[in-house]
Amino acid sequence: MSRVAVVTGAGSGMGVAISQHFAARGDRVALLDVNGDAVEEVTQRLRDGGAEAISCQVDVSDRRAVFAAIETVRTELGAVEIIVTSAGIEAFVPFLEISPESWEHMMAVNLTGTFNCLQAVVPDMLAGGWGRIVTISSSSAQSGTKNMSHYVASKGGVIALTKALAVEYAPRGITVNTIPPGFIETPMVHRPIEAGLLPSMEELIARAPVGRAGTPDDIAAACAFLCSEEAGYITGQLIGVNGGWYL
Ligand code: NAD
């Protein structure tokens with residue numbers, strides 16, 4: 001069955017692979033990202049492959065823009081049945097150097113951005129009596145990570161929000177799960193490596209229990225399953241996709 005799926009952060013990294021997986025199985029996909037050029041390029045590739053896909057440039061922390069984008073999705077593709085919230089930002093700053101402004105910005109994008117997107121689409125799922133929500137959190141919120149306390153706190157909030165919504169919407173046919181990724185090779189990992197804020201890729205791989213970095217497709221495969229018909233009895237769960245970094 002073809003569903004309408006929204007993917008945020010679809011202009012880069014795992015959001016690209018998640019969109020590709022939905023398109024490949026025949027879903028109609030709306031790709032949202034603050035980087036309009038990047039997300040349009042990804043969307044065009046999906047269309048070239050025969051998919052029904054649209055792109056929307058939107059900052060997830062801008063509530064009005066999110067609601068306007070979802071209204072466009074409804075008009076062009078139909079009521080939203082699936083959402084994966086992959087949009088996010090990272091930063092590496094010692095706790096005492098985090099300014100109130102950067103704390104607020106981190107929360108605005110990673111946590112409030114998730115809140116905005118979910119509030120915009122849940123009414124469609126309630127009306128249809130079916131929905132699949134996957135939030136992308138972080139294994140750092142399970143393990144703790146130094147110099148990322150604002151990021152880790154925002155992702156901890158995403159995990160808690162996921163559990164709360166799972167309970168609230170379980171009787172309404174909507175499942176809500178979170179994938180806390182660990183060490184997935186995307187620009188978000190390359191940026192801090194190049195800035196000397198993380199060890200080299202070789203060192204990270206040497207520490208990884210499975211002996212390799214995760215790929216965006218590793219995340220997308222788990223997402224596709226959680227958003228399938230068959231996953232209807234799985235809700236409120238943290239499905240770790242981390243190659244054994246955190247058990
Ligand atoms: P990425 O940087 O490649 O992609 C993130 C995307 O989000 C980008 O396209 C960016 O433009 C978009 N984005 C950023 N701010 C936005 C905003 N305000 N509104 C809309 N879009 C915005 O990173 P990625 O690794 O693909 O990360 C995807 C998600 O996975 C993020 O939420 C990240 O925190 C999480 N994560 C990644 C890893 C990892 O190892 N890569 C680990 C844990 C968690």
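No experiment lies behind these values; they were computed from the predicted model shown. All values below were derived from every heavy atom in this structure, side-chain atoms included, with hydrogens, water molecules and symmetry-related copies excluded. Start at 1 and go down the list; that is how both ligands and their atoms are numbered. We count residues from 1, following the sequence as given.
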Counting distance only, does the side-chain N/O of R74 pair as donor-acceptor with the main-chain N or O of V80 below 3.5 Å?
-> no

Examine the proximity of ligand 1 to V109 and report which part, side chain or backbone, both or neither, has a heavy atom under 4.0 Å away.
-> side chain

For V7, the hydrophobic cluster (side chain heavy atoms closer than 4.5 Å, chained through members) also holds M14, V16, I18, F22, V29, L31, V39, V42, L46, I82, V84, W130, V134, I136, I179, I184, I219, F225, L226, I234, I239, V241

If you round to the nearest 0.5 Å, how far is CD of E185 from CE of M201?
-> 4.0 Å

Does P181 have a non-hydrogen atom less than 4.0 Å from ligand 1?
-> yes

OG-CG distance between S137 and N177, expressed to the nearest 0.5 angstrom = 10.5 Å

Logged contact type for V34 with ligand 1, heavy-atom cut-off 4.0 Å, is both

Report yes if M14 has an N/O atom closer than 3.5 Å to an N/O atom of ligand 1; otherwise report no.
-> yes

Main-chain N/O of A10 paired with D33 side-chain donor or acceptor, under 3.5 Å | yes

Who are the side chain to side chain donor-acceptor pair (under 3.5 Å) partners of S143, not counting sequence neighbours?
-> none

N or O contact, G15 vs ligand 1, cut-off under 3.5 Å | no

Take the angle between the ring planes of W245 and F183 and call it parallel below 30°, perpendicular above 60°, tilted in between.
-> perpendicular

Reported OG-to-CD distance for the pair S140 and E90, which is rounded to 0.5 angstrom | 11.0 Å

With a 4.0 Å heavy-atom cut-off (strictly under), which part of V60 contacts ligand 1: side chain, backbone, both or neither?
-> both

Sub-4.0 Å atoms of ligand 1 with respect to non-hydrogen atoms of V58 | 19 (N), 20 (C)

What's the shortest heavy-atom distance between L118 and I133, and which atoms?
-> CD2-CG2, 3.7 Å

How long is the span from the CD atom in E81 to the CE atom in M125, to the nearest 0.5 Å?
-> 8.5 Å

Numbering the atoms of ligand 1 from 1, which are under 4.0 Å from a heavy atom of G13?
-> 3 (O), 26 (O)

Can you list the ligand 1 atoms lying under 4.0 Å from a non-hydrogen atom of S86?
-> 28 (C), 29 (C), 31 (C), 32 (O)

Is the backbone of E71 close enough, under 3.5 Å, to the side chain of T75 for a donor and an acceptor to pair up by distance?
-> yes

Please could you name the atoms of ligand 1 that A87 approaches to less than 4.0 Å, counting only its heavy atoms?
-> 7 (O), 20 (C), 21 (N), 22 (C), 32 (O)

Run the contact test for S137 against ligand 1 with a 4.0 Å cut-off on heavy atoms, strictly below, and give the result.
-> yes

Y151 neighbourhood, listing ligand 1 atoms whose heavy-atom distance to it stays under 4.0 Å | 33 (C), 34 (O), 35 (C), 36 (N), 43 (C), 44 (C)

For ligand 1, indicate whether the residue D59 contacts it via side chain, backbone, both or neither (heavy-atom separation under 4.0 Å).
-> both

By number and element, which atoms of ligand 1 are closer than 4.0 Å to a non-hydrogen atom of V189?
-> 39 (C), 40 (O), 41 (N)

What atoms in ligand 1 come closer than 4.0 Å to a heavy atom of S138?
-> 43 (C), 44 (C)

Ligand 1 and S61, any nitrogen or oxygen pair closer than 3.5 angstrom?
-> no

Backbone, side chain, both or neither: what part of R191 comes under 4.0 angstrom of ligand 1, heavy atoms only?
-> side chain

Heavy-atom proximity to atom 11 (O) of ligand 1, picking from N35, D33, T112, points to D33

For ligand 1, is T8 a contact, meaning one of its heavy atoms is under 4.0 Å away?
-> no

More than 12 heavy atoms of other groups within 6.0 Å of R191 CZ | yes

At a non-hydrogen distance cut-off of under 4.0 Å, which region of K155 contacts ligand 1 (side chain, backbone, both, or neither)?
-> side chain

For A38 and ligand 1, answer yes if some heavy atom of the residue is under 4.0 Å from a ligand atom, otherwise no.
-> no

Applying the side chain to side chain contact (heavy atoms under 4.5 Å, CB included) test to C117, which of V58, T8, T135 qualifies?
-> T8

Heavy-atom proximity to atom 14 (C) of ligand 1, picking from G88, G9, G113, P216, points to G88

Which of the ligand 1 atoms, numbered from 1, are nearer than 4.0 Å to a heavy atom of I89 | 14 (C), 15 (N)

